[in-house]
**Q** 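Here's a structure for you.
Numbers here are sequence positions counted from 1. Numbering of ligands and ligand atoms starts at 1, following listing order.
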Amino acid sequence: MRKAVYPGTFDPITRGHLDVIGQAAPIFDELVVAVLHNPSKRPWFDLDERLAMIAEAVAPYPNVRVDAFRGLLADYCRSTGIGYVVRGVRHHVDLQSEMAMAHMNRALFRDLVTMFFPTSPEWSFVSSSLVKDVAMHGGDVSPFVPAGVAEALAARAQGASKGHG
Ligand code: PNS
């Protein structure tokens with residue numbers, strides 16, 4: 001069984017992430033979208049919220065499931081029998097850090113192979129950070145994220161602005 005992981009912060013999941021999932025899912029028997037549990041990054045959405053948003057977004061893919069992990073990705077893959085890491089690349093700048101991560105993961109776990117998927121050009125400028133920035137300033141993020149995520153972002157942005165008086 002060919003198992004892959006698509007790891008990330010997913011704060012929140014975007015249509016760019018979903019584009020990568022759509023490309024990778026048919027290649028593997030199982031694709032696990034694994035959310036890094038790292039509260040020190042101070043995410044907008046807590047782990048359960050991110051898992052729920054991803055689960056809803058990947059529902060159309062029968063071989064895609066959602067999980068969370070702590071610590072090293074290499075350890076998570078070793079303990080779950082995952083041999084492939086999926087990562088999206090939007091442009092050449094991404095490649096620099098992605099190559100370093102791929103090499104480090106392979107140094108930590110020799111059997112781990114990273115596969116890069118070029119994100120479709122229409123999502124090449126989309127990131128979770130930019131989407132949060134647009135939402136924070138009252139912009140329409142619905143072109144860039146699934147509908148449920150757009151609603152959650154708008155609600156969170158409204159709550160944050162109220163919180164800051
Ligand atoms: O969505 P992101 O923030 O670009 O994802 C980065 C992520 C979570 C894939 C990466 O930071 C990671 O794998 N973190 C787990 C810790 C780890 O294994 N570090 C060494 C790998 S280079």
**Q** Which of these, F117, Y61, Y84, Y6, sits in a ring pair (Phe, Tyr, Trp, His ring centres under 6.0 Å) with F28?
**A** Y84

**Q** Do side-chain atoms of R78 reach the backbone of L108 as a donor and acceptor pair under 3.5 angstrom?
**A** yes

**Q** Hey, could you give me the CG/CZ distance between L18 and F144, rounded to the nearest 0.5 Å?
**A** 14.5 Å

**Q** Do the charged groups of D94 and R87 touch, with an N to O distance under 4.0 Å?
**A** no

**Q** Output the distance between atom CZ (F125) and atom NE2 (H91), rounded to the nearest 0.5 Å.
**A** 11.0 Å

**Q** Run K41 and T9 through side-chain hydrogen bond (donor to acceptor under 3.5 Å, both in side chains) and show every step you take.
**A** CA-CA 9 Å; K41 269 198 166 182; T9 307; 3.3 Å; yes

**Q** Please tabulate, one line per pair, the protein N or O atoms found under 3.5 Å from any N or O atom of ligand 1, giving the distance to one decimal.
**A**
| residue | atom | partner | partner atom | Å |
| --- | --- | --- | --- | --- |
| ligand 1 | 1 (O) | T9 | N | 3.0 |
| ligand 1 | 3 (O) | T9 | OG1 | 2.6 |
| ligand 1 | 3 (O) | K41 | NZ | 3.4 |
| ligand 1 | 4 (O) | R87 | NH2 | 2.9 |
| ligand 1 | 5 (O) | R87 | NH1 | 3.4 |
| ligand 1 | 18 (O) | L73 | N | 2.8 |

